[in-house]
Structure formats: C-alpha cells, structure tokens
Amino acid sequence: MPVGLPEFVDNPENRCPVVLLVDTSRSMSGAPLLELQRGLDVFKAEVQQDAQASLSVEVAIITFGRSVSLAQDFTTVDDFTPPTLQADGLTPMAEAIEKALDLLDQRKASYRENGVQYYRPWIFLITDGAPTDRWQQAAERLHQAEYDNKLLFFAVGVEGADFDTLKQIATPQRPPVLLNGLDFSSLFMWLSSSMRRVSQNKVGDVIALPPVGWGQIST
Amino acid sequence: MNPPISATPINPWKAIARSVIGVSHQHQGQPCQDASAYRLLDQGILLGAIADGAGSASQAEIGAQVAVQSSLDFLQRWHDFALRRGENQWVQRLDQGKTQRFFEHLLQRLQHDLRQQAQTRNCDLSALASTLLVFVAHPQGLIAMQLGDGFLVVHRGDDHYQLLFTPDKGEFANETVFITSDNAARFLQVYQSSDPVSFICAATDGLETVAIKKRDWTAFPPFFQPLEIYLRETPDPEQAPDYLDNFLHSDRLNQRTQDDKTLLLAYYNVPKD
C-alpha cells in the first residue's frame, strides 16, 4: 500500500548577519567611494549565486561622514539594493561602531522573538582615515564583545588610513588589513565567499576562511 | 532440524535505523559522521542510540560509532545483570531521579570508554567528540537521555507527537555540547515516562529543520505520520527499507539540508486480546 512521504515544515533559514561600517568622509569622495559602491554590487551578485546564502546572509550598512547614518537596515541579500553613497564631512568612527553594536543587539532580540537561529555576526569596517571622535569607549565595548565571543570584527584600511589607531580598535588576533589600492571588488568577493561558508557551517566546524588576496595584514 | 519451540514471546517492537552521508561531507570527501543502532532484548525491551560526530573532530565518525555501541553495550550488560538478579522490570522501576542517576552513570562509563579509545588511537579526546541520544523503551513506557542536538519524538496513539527534549544549542546556530565537553554532565537531559508509546523517532540535527517547528520547538506531525504508517504497514522494515532509503537520499530532502542524516524508527505492536 503506497505511503505518502514525510512533509517538511517551513522554518526560516538560519541568519548570517553582517554589518558594513563604511567611511563616507570627504576624503573618500571620487574614486574610493565609486569603487566601494561597485564592490557592493559584486557582493550581492556573488552571494546570490548561492541559493541558501541569499536567504541566509543579512547585510546592514552604517555610513559615517558628516553624520552616522543607517544607510541600509538588515536585509537578506535577495532583497538588497546597494544604496548610493555620498562622501562628505569628518570621520565619526566611534559613534558608528557603537551604533553597529546597538543594531546587532536589536537584531538578535528580533531573531529570538521570532525563533530564528543565527550565526556569530560580523562587523566589517572600511576606512581611509582616523576617527575624529573619541574612540576608546567604543573600542572597549568592541573588545569585550569579541572576548565574549559575541561577534567577529574586521577592519580594512585604505591607503592613508591611520593604522596605529586602527590596530588599537581592532583585536590582536585580527589586525587591520591594508587594502590593495582600491580593489574593493576583490574584498567583497572574499566577503561573499566567507559569508557563504559561514552560512553552510555545520555544528562545530572550524570555518576555513578564504585567503586574503585583496590586502596585506598590517604588522 | 527444527529449532525448539520457545515460550519466549516475540519482541513487540519493530525498528529500522539508517545513517546517511550529507551533501556537505560528500563534497569535502569526508565520511558520514552520524551513527545509529538499536537492539531488541527480551522482556519487550528496545534499546536505541544515535550520535552525531562533531564537524571539527578529526575522528568524528569513530567517536559517534563508539558512543552508540558503548551505550548499547552498557544497557545490555545492565539488563543482563538485572535479569540474573530477578529484576525483570528494572526499567519500569526507575523514577525520574533514578533515571537521572542511571544516565549519569552511563555517561561516565561512555567518557571512560572514549578516553581509552583516544589513548589507543593516540589522539585527543576531542577528536572523538559527538552528541548522543539514547532510549530504553518497554511495554509500559520509556526512559531516554539527550546530550547535544538532534531530536527524539514519540507518539502515543492520540494525535500528539511529542518532542521529548529541546535540543541543546549555544547562542549561535552552529554550537552544541558534546559527550567529550568538560561540562557535559551539566547539559545531560533525561526523560522518564510510565505511559506506553506506540511510535518512536530519533534523528540527528540534519533533519531538525524539516521535522521540528523552530518557532516553538514542536514536532511537525505531517513529517512523522508517513514514517509511522510505513512502519505500521511493513511487517519487517529491515527487509523492506526502500521507502526510508529513498527518502533519505531524495533530492527534495537534500535541497533542505546538506548535513548527515539519521533516522531511527520504532513501532510497538499492541498485542490483540
């Protein structure tokens, strides 16, 4: 006697949250921001190649220049249309970092309320300068979160960035990386590749991240 | 020569267990890291154990197999010893507290066996890390334990498929506890019931996403009903495993999960008066 097959329950995909902290200070105007903008398109296109990752990876973008602004609230890559970025003003990096940490806390609360599981979030900072606001408190908060295993923080400096300060904001186990010229496309290819691996991560697997071909780890 | 007619009643349980490699491990050229097995004993007892080797453990598949076989060996020895002492109903006599201590004992024994294996194989204990789910079912109910993720669902002939444990997860989707973890005993979950069950389904994490509603951690009945019907309608599932094998290898399932998959199914034939 033929038996039907087990039916599948509709569960939301595990989420892979990543916050991009993008320096939109005046010095980023022109080629740097244009290339970065193109990098965002690359990111979307690459992640979309993976059906599961498109539903799993969630990206938010916080820009910091004239002000700190949530240019993109968390959205799955499927629904992600990279916002047009404008450069102007100084570099309120600390405020941006604090905003990112708050945003993540809110997002996690939302996940829990809705029974959605998630992977360890990433915060990805891209800057060409130095923070123009007081950054020690933000850095401490960041370090504590890393120490508590709550997130992973990556810092990328474009040529001319203040690596001495960046090194103090980042963590020793993950020092800031100097981008090769304005090769944001390679950076975002790497980020999308990494996100795809994270989104497939099985219990206990150590994720091997792809090699950093787009920059040099600062010493 | 005909075997002597035995007065021992046929075990009322029928069962089948399958562990199948997932797409993820296939691509990486790794073996299936799930293990599963069951044993039918006298007194209408069914033993079952499943284990899911940790992805980061270099000998995860060995760890999972040792976990399953050691657990079943422990239970079988305990049963034999109890019978020799005339305690035919030893499982039925365990209340919640005694069940807790019983499984703590099993866990200690298992950790000892794993340490010995690690020595023999000259590897770290953590190389053998796996989760573990064990049950002892009998005509009047069952006892069960869970360490880590995976799920155990029972059906009692009403409409309610009951998930016995909430799987252990850390904050993040890819975290759980293993037998070899330092604080494993703290995370041991134990269950005891004196209500008979008619259907048991034990599975590893790979099937959680299609069988369990994560919003409120409940079993999704349309997943389990066809499996129960398959068992009920099949006199000897091990002789007719195609239904289960086809399901576990189906594209439909592999699109939803890239993980190794284990299903251990059991059905209790209620004797007709």
Side-chain angles (χ1 to χ4, degrees), chain A residues 1-18 50-58 104-105 107-122 145-152 194-210, chain B residues 22 24-25 28 33 52-57 60 129-131 148-149 169-176 178 204-234 243 246-247 250 252-253 255-260 263:
Chain A
M1 175 209 140
V3 181
L5 285 167
E7 283 179 41
F8 296 162
V9 67
D10 235 326
N11 273 318
E13 281 290 339
N14 294 344
R15 291 299 199 266
C16 208
V18 55
D50 182 326
Q52 189 198 19
S54 329
L55 298 173
S56 172
V57 176
E58 281 197 339
L104 270 180
D105 283 342
R107 195 61 181 171
K108 287 183 184 183
S110 170
Y111 290 150
R112 280 185 221 115
E113 265 167 55
N114 290 287
V116 173
Q117 291 177 290
Y118 54 94
Y119 297 101
R120 185 176 291 108
W122 285 29
E146 271 255 16
Y147 183 78
D148 293 337
N149 231 7
K150 295 290 177 192
L151 52 84
L152 292 172
S194 302
M195 287 290 108
R196 283 164 70 169
R197 291 195 196 187
V198 171
S199 76
Q200 280 155 25
N201 188 223
K202 163 100 171 99
V203 166
D205 275 353
V206 171
I207 310 168
L209 292 178
Chain B
S24 197
H25 286 150
Q28 292 158 18
Q33 294 173 346
D52 184 350
S56 55
S130 80
T131 63
D149 57 16
K169 304 220 187 245
E171 180 186 351
F172 304 122
N174 50 348
E175 287 182 339
T176 191
F178 304 108
T204 53
D205 192 47
L207 288 165
E208 183 187 276
T209 190
V210 297
I212 306 292
K213 193 152 158 248
K214 290 192 198 180
R215 207 195 163 104
D216 51 10
W217 291 111
T218 54
F220 184 61
F223 176 84
F224 297 95
Q225 281 153 352
L227 294 172
E228 182 170 0
I229 293 171
Y230 155 65
L231 274 199
R232 194 176 68 215
E233 308 280 322
T234 311
Y243 174 82
N246 290 343
F247 169 62
S250 64
R252 192 176 147 250
L253 181 57
Q255 269 158 26
R256 284 292 297 267
T257 174
Q258 281 77 49
D259 217 341
D260 296 335
L263 271 178

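Remember, it's a predicted structure, so these values are computed and weren't measured experimentally. Naming: A, B, ... by sequence-line order, numbering from 1 per chain.
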Need one label for Gln258(B): side chain, backbone, both or neither, based on atoms under 4.5 Å from any heavy atom in chain A. side chain

Could you tell me the separation between the CD atom of Glu175(B) and the CG atom of Asn149(A), rounded to the nearest 0.5 Å? 7.0 Å

Applying a strict 4.5 Å limit to non-hydrogen atoms, the region of Lys108(A) in contact with chain B is side chain

Where Asn11(A) and Thr209(B) come nearest, the two heavy atoms and their spacing: ND2-O, 2.9 Å

May I ask you to test the Val3(A)-Arg232(B) pair for a side-chain heavy-atom distance under 4.5 Å? no

Gap separating the CZ atom of Phe8(A) from the CG atom of Leu253(B), nearest 0.5 angstrom: 4.5 Å

With a 4.5 angstrom heavy-atom cut-off, is it the side chain or the backbone of Arg256(B) that approaches chain A, or both, or neither? side chain

Heavy-atom pair with the smallest gap, counting every atom of Gln117(A) and Ala173(B): CB-CB, 4.1 Å

Is it the backbone or the side chain of Arg112(A) that comes under 4.5 Å from a heavy atom of chain B, or both, or neither? side chain

Please classify the contact between Asn114(A) and chain B as side chain, backbone, both or neither, with a heavy-atom cut-off of under 4.5 Å. both

Closest non-hydrogen atom pair between Arg252(B) and Glu7(A), with its separation: NH2-CA, 3.7 Å

Contact summary for Phe172(B) and Tyr119(A), nearest pair of heavy atoms: CD2-C, 3.7 Å

Closest non-hydrogen atom pair, Val9(A) against Ala211(B): CG1-N, 4.0 Å

At a heavy-atom separation under 4.5 Å, does Ile212(B) approach chain A through its side chain, its backbone, both, or neither? backbone

Does any heavy atom of chain A fall under 4.5 Å from the side chain of Glu208(B), the backbone, both, or neither of them? both

Heavy-atom proximity to chain B below 4.5 Å, by part of Gln52(A): side chain

What one should report as the nearest heavy-atom pair of Pro226(B) and Gly4(A) is CB-O, 3.2 Å

